[in-house]
Every structure is written in structure tokens, then in C-alpha cells.
Amino acid sequence: MINTVNIEKKEIYGSRSHSGSPSGNGNGDKVGESLQSVFELALESQGPERTAQLLEKLVGQLRSTPRPPSGQTTPYLNTIPPENQPPYPGDWRVERRIKSLMRWNAMAMVVKANSTTNVGGHISTYASAATLYEIGFNHFFRGASENFPGDQIYFQGHAAPGMYARAFLEGRLDEKHLQNFRQELAEGGGLSSYPHPYLMPDFWQFPTVSMGLGPIMSLYQARFNRYLHARGLTNWKDEPKVWAFLGDGESDEVDTLGAITLGARENLDNLIWVINCNLQRLDGPVRGNGKIIQELEGLFRGAGWNVIKVIWGSEWDDLFARDKKGLLLKRMDECVDGEFQKYCVEPGSYTREHFFGKYPELLELVNHLSDEQIRKLLRGGHDTKKVYTAYKAAVEHKGQPTVILAKTVKGYGLGEAGEGKNISHQQKKMNEKELREFRERFEIPISDDVIAETPFYRPPVDSVEIKYLLERRKALGGFLPARIVKPATLDVPKLDSFAEFFKGSAMEASTTMAFVRLMTILLRHKGISKNIVPIIPDEARTFGLDALFREIGIYSSKGQLYDPVDSSSLLYYHEAKDGQILEEGITEAGSMASFIASGTSYATHGVPTIPFYIYYSMFGPQRVGDLFWLAGDIRAKGFLLGATSGRTTLNGEGLQHQDGHSLLHASTIPTCLPYDPAFGYELAVIVADGLRRMYVENEDIFYYISLYNENHAMPPMPAGVEDGILKGLYKFKSAAEGKKVKAHIFGSGPIIQSALKAQEILAERYDVSADVWSATSYKLLRTDAIRCQRWNMMHPTDAPKKSYVENLLAKEQGAFVAVSDNIRTVPDQIAPWVPGGLFTLGTDGFGRSDTRTRLRRFFEVDAESTVIGTLYALSEKGLIDREVVAKAIKGLGVDPEKIQPELV
Ligand SMILES: Cc1ncc(C[n+]2csc(CCOP(=O)(O)OP(=O)(O)O)c2C)c(N)n1
Ligand SMILES: [Mg+2]
């Protein structure tokens, strides 16, 4: 019997990296037959009662025996058995000393900052992950070199102090930097709280601190690397690996797990996730009543990933080897994470009694260990050799992405100050006693008299530690993290490439159609055609971009393994290994991750690409706003096209689709330029200038452009308006002079048509000359005005500066009215700088399904409402009689008591 157990156990240990599902075979059948005969024999010779007893005994024995994985999980053991561990290539003693110094400095940085300020910071995350990072830095993470862009590493945001501590030992940061952790405005600058490329553009590559975004970005980054290579845009010799470090609590974010099947589908063996399973998040256990490692294992295996569990440290190997009955494993399986946490904080005697003590044989198993030794039985994520083994297996694994589930202790080494405690995450201070204990535990050469000041410690450059550390990084290609940007410009098309837009067209068209035409021109422009990355979340047909399928192909790492149903048609669904379109399917988050990967390829690969991500505008910032924000932080470039925009223009789709506020969302992102063009020529001028600013001038900005699906006249471009288009406002059509009063209507997008019609009605019926202006960007007008206003505030005795919009409108008379298919707050952004104020009409409230005509009356943005609004604004200024407004309301057939869109 004992032999059988051993054989089974060996099988389990040895059969990790495949699914291991027990399949029927000839031997199995034979065993079954034999068992049947034994059963019959027992029945015959012993009788039913005795046979039942025997069977019960056997079942009991089976329960406590390690079994091969059932379903998607394997036993609570390290995936790689000790006998398969490779020799450790480094000097682990020196590495341990280096790591201890990192631990100290990372902790000191936070404690010091919080001794005089309340800037916060985290000690426990890095404390639990130090080994996970150090093995990577010393043996795996490759820096950039010629023909190699460097491995791309997503560091867990809260572990940032550890990365700074390393950079300090490497000599890349000095004491002053560390002193100013989280004090970026201090004299001489400081270190940002988390990875923010916007704030530390030479250091951090990937923002990660908003949980879930690092994981999804890393997935799409790994796929984007393949895409770039398949399209011949890279010349690397070795493929970079993408490593993402995340927390086990972070796995609850939908963004973390929602896209993992992509990794398996695309065979992304260039992707490795390391999940730091310290079993804790901010408030307490991640799964007190369950096992997060097992849960994640099941999920990732189900999604087709290679899963490597690193649960136990080397000290456990001997215990498992001597545990012939599998009782230890049984006990592991019984315990929930809440209990494992308890064993972390209690003394060894507690673990002896409550964990091992459950079964006498287990107690015996640890008889030779003192309580202290039991307390020191390590979790795998703190064991250098176990972590190295897992990483090596991960980088060598072929055909699948790998996830390493590393079990650790949150706040490892903090002792009483917060090791494994529920408060660990928030711990930012340590008293002198705790500092001394920490120092002793990690053997930091800091004396008693200064310890209370938590001084930073860096050994001399010629010390064994620093020499080792620098040698390792040199061998691996240089320091990390590092964001390296070499200036690269593209030969972007000049304005005259878009001449056809400037002539206007006899045919009515929408701005979406204009965009499709524009894309065709760009995709044929030899300077940039290769660099363009069209990204679509399953909406190409909606926007009329399906013609591109055939022309430039949809990227597929597998090519096209089937004959598409529409292969006989001209515009068939064409997938190709070097396809240019990223057809992401229905995932706005994934598409944004692709946008970001493409928009930052100038930095990650030294190859500028130009993403054009077109989507339903309602599912942009409203749906995945945090990724939009991150696009700013990461210094992404490119064009976001919010199509089917406008609360009334997208008429039939109703409340969840009709967008009248994305422009406002986009306005909140500092590096985003939002535009709301009305005509094809405006779009062309905006895109041409965007290409110049981003890909010639190398500005780290991106564009948000609303596109609409309503066809209307596409007029020729009036002379000299380019500057106004780009700045945000220009006079599109002056009114006939000679009327009694003067007014101005700012229109945007298709709603400029309401303004134009209102212009006619006002002239014909109410003796008002209303000029129509095209307002292409309220945000840009506002930021320019704010800049001037601020300058004036700071220089009160100098001649005041005037903003573009103030200068533009200085000489204009009468009332000013704005009308758009967006909420009123969008135009209201410039109200303080409009002479005499701005009266705004807009689409505040929920959308609903109906015809455009009815919706525009409902929201009061149609021509009649625009007339009434203009007359009202004039009456408010005393320029016309209120009676005129009342008559117009009647004369234009507008019901003044009609229901109003909901405003709370
Ligand atoms: C989207 C988002 N929500 C909440 C937070 C706040 N937060 C920061 S760290 C943290 C807990 C992290 O736990 P875990 O992922 O397990 O990381 P650990 O520190 O344990 O390694 C939380 C809730 C955040 N940063 N991002
Ligand atoms: Mg955690």
C-alpha cells in the first residue's frame, strides 16, 4: 500500500506542466477488472459486513492520499518538484545581503517621509515581493541594447519603494531623491508615489497602480510586440519578454482576469505574470474562507495558461518527502487562507498545535523541529531557489503564457510592526524597537545611535554587494526600469495631401465617412502607411471601415485557417499574419490597451506607430475612463475617434448609446486634445496637425475626435481658417448685414446645421444678423484662456495678456449663443471669456430612441430652439423686446410647456 502511495505521489510531482487529466487506457481497465474480482472474492469469503468494513477503510485511506489533479487544480504543492530544480546560478548569500539592503532602504524611505509629513507610502507590498523582484533583476530581466528593446516589466505600483531602493544601490538615485519620496515638488525634485512615466519619463515605463490596468496592458503589450514583429516593424534578435507583477487582491479587478484567454489564444509565451499571493489585500485576507492560489490556478488553467505554483520553501521539501501517507497535503488542503494567515502571526508553538497537531502522525513529522524552526518554515515566494526555478521554467515554456502563483507573507520581515497582519498594507511608521528588530533580522550595519533617524544605507561602490549587483545588471543589458526615447520622426503628409477635403463635396456625407476617406489617404501615404495601426472593437461595419478588411487585412497570428463565408465578395473578412488592423472584438478595455501599446511603441520599441482607435463614443471614457487617463500618464500618442457621437445624432439607439458628454470626459485629461469637428476639411486639418505635433515635433499628446453619422453638406474650406480650426473657434458664415440686431451662434458637429438654419430664420423673420461660428474645441479655448488669466494674476502690474477667444470676440457685438449635441457644460467651459456671457443650448439628460427631428426638439437643439435661444439671449441684454421671444415661441410651433429632459 505504501508503495502505491509513493508511486502516485511521484506521478503528481512529475506531471505538472500538462493538464494531467486521467484518461482511460488499457491498464486502467485491467485494474478495474482485478478490483472487481477482489471484491467478489471478499464478498464470497468474508461476507457482506466485513467487505463493507474493508471498503470503508480503503476509502478512508484514499481520502488521505495525494491524488492527481481533478479538474483544473492540482494539490497545494509546488508545481515543480525538488528533483527538477536546476542548480542556482548566482551567489545567493550575496544576493540575500543585497536584498536586505533594498528592504531596509525601501522601508526607510517610507518611514522617513512619514516622520515629517503625511505623504503615505507602502512598506509591506515590497517586503513581501522582494525575492520575486530580486531574482528577476539578478537573473532574468534584460535591459535594452542594440537590436533588443529590453524586457517590458510592469512593476506592482505599491512596490515602487523597492525599485527606488534598488536604483539607489545602483547609483542611479541619490539620498536626496529617496529623502523626497512622494515629495515631487520639493526642491530638486522627488520620487513619484507610484510608477508614473509622465512624472519620471526616464525611469518608469508602465503605470500600474490603478489595479487591473497593468495586467490587461501587459497582455495586449505582449500581443502588440508580436504584431509589430509580424509586420516587419522591428528588428530584434531576441523577442522581449513581458513580465507583469500583480497582487492577489488585484486579481478581483475584472480588468485583471477579463482578458486572459487572449494570452492562450495567441500563444503568448513572451508573457509572464507573477502574482504575489500574500493572501492579503488592503483590509484583510483576499479569500479568508478559501484559497486564492487554488482559485487562480483553476482560472488560469481553464483559460489555457501554464501555471506554476510556488507555495512552499525548501524546508518543506523534507517534510513532504517523509509524509508517506499524504497527511501533510491533506492538512494543507483542509486549511483555508484565513488559517494560513494566523500561522504567520502566531508563534511556532501555535502552528505545531493547530496545524500539525490535528493528526498525531503530522506532529511526529515535525518532532525534530523547534517552535522557532517551525515558525521559520518559509513560504515559496521568499525562497530564492524556488523562485528561480519557477522563473526559469516560465521563460523556457513554449506555446502558452505563464502565471507564477507565489505564496508570500505580506510585510515579510516587519515582525511586530506588521508581518502578515491585517493592518500591514497601511503600515508606514515603525518605532525604534521595531527598527532595531528589522535591522537585526536583515543584518543592516546601522548603529543604535542613528537608527531612530532611519538613515539610508549604501555600501561603497567597491563592496562585494555593489560590485555583484552592477555586474549582474551589466550582464543583463543595463538598468531597469528605464524608459528610453530616441527621437524619431515620421514623414507625415502635408496639408495638401488632403486637398479634396478643402474643395468640399456635392454629395452629402457624415464626418465618419470623411474619416474613412481620410484613412484611405493615410494608408496610401508612403511616409506613414506602415506605421498606422487601425484598432476596432467589432464596429468596422457600423463605421463603414469594412472595406479595409480586404485592403490591409486583419492581423491574426495564425493567418486565416478557414475559407471565410464571404470569400467570394470583394470586401471579404480577410485575416492575415501581417494584417494591419487590430480587430479586437467586443472589448473597449482591450482596444484601449492596444491603443496604449501602439501609442507608446516610440518608447518601448523605438518605433513610432500611429494608432487610430475608432469606437462607439459612449463606450470610451465612460466605460474605460481609467485607461484614457493612463494614456496620458504613459505619454501615449495617437487618435481616438469617438464615432456615433451626439445625444440626438445617434438617434435610434437610446439612453445607453447616445453620448453627449465624452468631450467633457476627454477634456479632463491634461494631454488630450478633444475636437468636435463639423466638416471634413476640419477633420483633415486637425489630423494633419496632430500627425505633425506628435510624430515630427514629438509632443507627448493624443487626440480625441468626435465623429457623427449624420449626412449633411460638406462645404469647401473658407480661406484662412486653419489656425481657428486648431485653436477651437472660427467664423464659418457671416450673416447678411443690415439687420436691426446682431448675434453670434457657436455650433459644433452636425448641430452646426441648426445654427445655419437658425441664421436664416433669424434674418428672415426676426431682423437679426447672426454669424455662425464653428466651435471645434472648447477645451483648447479654455486652456488658452486659463493660461492667460493665470499669467495676468501673477503679473498684475504688467500689460494684461488676452486669450485667443477674447481677441477673436473682442469687437463682436450682440448676444452669444452656443449649440451642440453635447451637454451644456461643454460650451460653458469658455463662458467667462465671451463678451457679455454665453447662452448655451445642449443635450443634458438621458437620451432616448426616436427620430432626430423629435429628439432635437425634445433637447432644444434644433433650428427653432436655436432661434428662440438667440432671441431670448438678445432680450436678456435688452436688445429686443421679450414679446418678440414669446411670439417666436408660438410662431415656430414650440410648446413652452413641453416636457423637459430630466435634470436633477
Ligand atoms: C483600481 C484600484 N482600486 C483600489 C486601489 C487601492 N488599493 C491599493 S493597494 C490595494 C490592496 C492591494 O492588494 P494586493 O493586490 O493583494 O497587493 P499586495 O499589496 O497585497 O501585494 C488597494 C485596494 C487601487 N490602487 N486601484
Ligand atoms: Mg496581496
Side-chain angles (χ1 to χ4, degrees), residues 103 106-107 110 119-133 136 154-163 182 192-196 204 206-218 243-258 273-288 290-296 299 310-311 337-338 340-341 344-345 379-382 387 403-414 417-428 589 592-593 621 623-630 633:
R103 289 179 183 284
M107 177 276 294
V110 178
V119 293
H122 300 85
I123 304 174
S124 298
T125 301
Y126 179 69
S128 73
T131 303
L132 303 179
Y133 286 112
Y154 292 71
F155 297 98
Q156 200 184 349
H158 293 76
M163 309 314 129
R182 287 195 171 217
S192 62
S193 46
Y194 302 114
H196 293 303
W204 295 115
F206 305 108
T208 48
V209 79
S210 181
M211 316 242 115
L213 301 192
I216 192 168
M217 283 194 307
S218 70
W243 294 76
F245 287 81
L246 42 148
D248 47 359
E250 186 172 9
S251 67
D252 281 335
E253 289 285 358
V254 287
D255 312 72
T256 304
L257 296 177
W273 280 10
V274 181
I275 306 189
N276 179 13
C277 297
N278 52 31
L279 315 188
Q280 279 180 250
R281 42 180 164 72
L282 193 151
D283 283 340
V286 178
R287 295 286 183 273
K291 277 197 176 65
I292 186 65
I293 292 181
Q294 298 300 89
E295 183 180 323
L296 291 174
L299 272 163
V310 185
I311 302 186
D337 285 354
F340 282 122
Q341 286 311 83
C344 261
V345 298
R379 290 184 179 178
H382 298 298
V387 174
V403 61
I404 293 166
L405 303 171
K407 186 167 174 173
T408 64
V409 177
K410 190 139 179 171
Y412 180 80
L414 292 188
E419 181 161 330
K421 295 189 173 171
N422 280 338
I423 50 97
S424 286
H425 191 83
Q426 301 295 75
Q427 188 59 286
K428 355 193 160 294
M592 265 313 283
R623 172 102 196 186
V624 288
D626 214 0
L627 282 161
F628 277 66
W629 184 252
L630 186 148
D633 186 354

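Whatever order the structure lists ligands and atoms in, that order sets their numbers, starting from 1.
At under 3.5 Å, not a single nitrogen or oxygen of S210, backbone or side chain, sits near a nitrogen or oxygen of ligand 1. The distance criterion of under 3.5 Å between nitrogen or oxygen atoms is not met by V286 with respect to ligand 1. Considering backbone and side-chain N/O of T125, one or more are found under 3.5 Å from N/O of ligand 1. Polar contact check, V209 against ligand 1: a nitrogen or oxygen pair lies under 3.5 Å apart.
Near E253, with a cut-off below 4.0 Å to any heavy atom, the atoms of ligand 1 are 1 (C), 2 (C), 3 (N). Near Q156, with a cut-off below 4.0 Å to any heavy atom, the atoms of ligand 1 are 17 (O), 18 (P), 19 (O), 21 (O). Which parts of ligand 1 touch G249 is read off a 4.0 Å heavy-atom cut-off, strictly below it: atoms 14 (P), 15 (O), 16 (O). Ligand-side atoms of ligand 1 in range of N278: 18 (P), 20 (O), 21 (O), range being under 4.0 angstrom from any heavy atom.
For atom 6 (C) of ligand 1, the closest non-hydrogen atom on the protein side is L282 CD1, 4.7 Å. Scanning the protein heavy atoms around atom 5 (C) of ligand 1, the nearest turns out to be M211 CG, 3.9 Å. When hydrogens are left out, the protein atom nearest atom 13 (O) of ligand 1 is R281 CA, 3.4 Å; that is the closest non-hydrogen contact. Atom 15 (O) of ligand 1 has as its closest protein heavy atom E250 N, 2.9 Å.
Closest heavy-atom approach to atom 9 (S) of ligand 1 among the candidates Q426, H158, K410: H158.
Around the Mg ion (ligand 2), the protein N, O or S atoms found under 2.8 Å comprise D248 OD1, N278 OD1, Q280 O.
I292 has its side chain within reach of D337: a pair of non-hydrogen atoms, C-beta onward, lies under 4.5 Å apart. Residues I311 and I293 form a side-chain contact, since some pair of their non-hydrogen atoms from C-beta on lies under 4.5 Å apart.
Remark: the backbone N or O of Y412 is not paired with any side-chain donor or acceptor of S128 at under 3.5 angstrom. One N or O on the side chain of K428 and one on the backbone of Q426 form a donor-acceptor pair closer than 3.5 Å. Looking at T256, its side chain never comes within 3.5 Å of a backbone N or O of P215 through a donor-acceptor pair.
Salt bridge status for R287 with D252: present, with a side-chain N to carboxylate O gap under 4.0 Å.
Within a 4.0 Å radius of atom 11 (C) of ligand 1, the protein has at least one heavy atom.
Checking K410, K421, Q341 one by one against Q280, the side chain to side chain donor-acceptor pair (under 3.5 Å) holds for a single residue, Q341.
Taken from CG in N278 to OG in S424, the straight-line distance is 8.5 Å, to the nearest 0.5 Å.
Taking the six-membered ring where tryptophan is involved, the planes of H425 and H158 are tilted, since the angle between them lies from 30° to 60°. Ring geometry for F155 against Y133 counts as tilted: the plane angle lies between 30° and 60°, on a 0 to 90° scale.
When the side-chain hydrogen bond (donor to acceptor under 3.5 Å, both in side chains) test is applied to R182, the partners found at least two apart in sequence or on another chain are Y194.
L299 approaches L257 most closely through the heavy-atom pair CD1-CD1, 3.7 Å. Across all their heavy atoms, V345 and E419 have their closest contact at CG1-O, 3.4 Å.
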